[in-house]
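Below: one structure, written as structure tokens.
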Amino acid sequence: MIWLSNSTLQKLRDQLKKRGERPSVVLEPGATPEAAEATAIAAEYGPLCEAMYLMMSADGDVSEEERQVLKGALRNLSDDQLRGAQIESLMEAAATSVDTHGREERLKEVILALHEDRARAEVTFVLAAAIAFADNAIADQENETLNQLAEGLGIDEATANQLLDSVEADMGPAREGGAA
């Protein structure tokens, strides 16, 4: 299986923590603790998950390798606080949003949710790239999605290429059958 190394995921997690703020959430009066937790998780990880889902589904084929990269990335980014059911719920919400509103509209919304936060934007781009590399082939649709993400998130070409090179280098040993 293709995988980002733990050191890369730890750097990404630290980059998110360093920014020090969590997205604001609005709760309905009388919300249960479970509902509050689900709302907070959706605010914090929903856009990241949806960007990865958009990448996974760009070529019309969601592979198990891509799903595993997404799950592992979210677990690591959350310091193992997200449970499998929560991650599945985030993926289902992303799939439903794409089915309901279309890929282009959802991509615009993800970009809107992330473009003001440089750390989250770059982390999202790196994770989307990892998904694209997960099945050892970047389809034209995946490449187009990466380009749209970079442009919408304000990541210039030089930075995007640097981030892509680091993802490809990090995933290289796993591609060749080495430990990830």
Side-chain angles (χ1 to χ4, degrees), residues 1-58 62-132 134 145 149 152-155 163 167 170 180:
M1 175 174 57
I2 302 298
W3 198 248
L4 285 176
S5 71
N6 285 336
S7 63
T8 296
L9 285 168
Q10 288 169 350
K11 284 184 225 172
L12 295 174
R13 183 181 62 223
D14 292 346
Q15 187 176 343
L16 290 176
K17 285 182 176 180
K18 187 176 183 180
R19 76 183 222 288
E21 60 189 56
R22 297 175 74 117
S24 297
V25 294
V26 177
L27 298 174
E28 296 293 322
T32 66
E34 294 80 16
E37 179 184 37
T39 301
I41 287 170
E44 180 74 13
Y45 300 104
L48 297 170
C49 182
E50 190 162 4
M52 288 188 285
Y53 179 82
L54 285 163
M55 183 57 66
M56 284 177 18
S57 63
V62 176
S63 72
E64 187 57 31
E65 290 86 1
E66 291 169 326
R67 291 177 65 79
Q68 292 303 318
V69 169
L70 184 149
K71 289 176 182 180
L74 288 177
R75 279 192 189 105
N76 197 301
L77 289 174
S78 71
D79 277 334
D80 288 322
Q81 297 301 305
L82 289 179
R83 296 179 299 279
Q86 292 166 317
I87 295 170
E88 287 293 332
S89 179
L90 288 170
M91 282 197 290
E92 287 174 24
T96 299
S97 289
V98 169
D99 289 345
T100 303
H101 303 288
R103 292 184 55 75
E104 292 302 316
E105 182 61 31
R106 292 313 309 151
L107 186 59
K108 287 178 190 174
E109 290 298 318
V110 166
I111 289 169
L112 184 62
L114 298 167
H115 82 282
E116 293 295 324
D117 187 332
R118 177 46 97 222
R120 283 171 54 99
E122 287 188 6
V123 166
T124 299
F125 183 78
V126 167
L127 294 174
I131 294 292
T145 301
L149 268 176
L153 295 172
I155 300 172
L163 293 170
V167 170
D170 188 43

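What you are looking at is a predicted structure, and each value in this text was computed from that prediction instead of being measured.
We find the CG-CG distance between Leu149 and Leu107 to be 5.5 Å, quoted to the nearest 0.5 Å. Note that CD of Glu34 is 11.5 Å distant from OG1 of Thr39, once rounded to the nearest 0.5 Å. Taken from CE in Met56 to SG in Cys49, the straight-line distance is 7.5 Å, to the nearest 0.5 Å. The distance from the NE2 atom of His101 to the OG1 atom of Thr96 is 9.5 Å, given to the nearest 0.5 Å. The CG atom of Leu127 sits 5.0 Å away from the CE atom of Met52 when rounded to the nearest 0.5 Å. Distance check: Glu104 CD to Leu54 CG gives 9.0 Å after rounding to the nearest 0.5 Å.
Not a single side-chain hydrogen bond (donor to acceptor under 3.5 Å, both in side chains) links Ser89 to another residue, sequence neighbours left out. Scored by the side-chain hydrogen bond (donor to acceptor under 3.5 Å, both in side chains) test, Gln81 finds no partners at all (sequence neighbours excluded).
Under the 4.5 Å side-chain criterion, counting only non-hydrogen atoms from C-beta, Met55 is not in contact with Leu70. Looking only at side-chain heavy atoms (C-beta outward), Gln86 and Glu37 come within less than 4.5 Å of each other. By the 4.5 Å heavy-atom criterion applied to side chains, Glu88 and Arg67 are counted as neighbours.
Exactly one of Ile111, Leu48, Ile155 qualifies for a side-chain contact (heavy atoms from CB on, under 4.5 Å) with Thr124. That residue is Leu48.
Between Glu66 and Ile131, the shortest heavy-atom distance links the atoms O-CD1, 3.4 Å. Between Leu114 and Ala121, the shortest heavy-atom distance links the atoms O-CB, 3.9 Å. Of all the heavy atoms in Tyr45 and Leu77, the pair that sits closest is OH-O, 3.8 Å. The shortest non-hydrogen separation linking Ala42 to Pro47 is O-CD, 3.6 Å. Considering every non-hydrogen atom in both Arg103 and Ser57, the closest pair reads NH1-OG, 2.8 Å. Shortest non-hydrogen contact noted between Arg120 and Ala43 is NH2-O, 3.8 Å.
The main-chain N or O of Gly102 is never found under 3.5 Å from a side-chain atom of Glu105 such that the two would form a donor-acceptor pair. Between the side chain of Arg106 and the backbone N or O of Thr100, no donor-acceptor pair lies under 3.5 Å.
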_Steps toward side chain to side chain contact (heavy atoms under 4.5 Å, CB included) verdict (Ser78, Glu44)_ = CA-CA 9 Å; Ser78 71; Glu44 180 74 13; over 6 Å; no
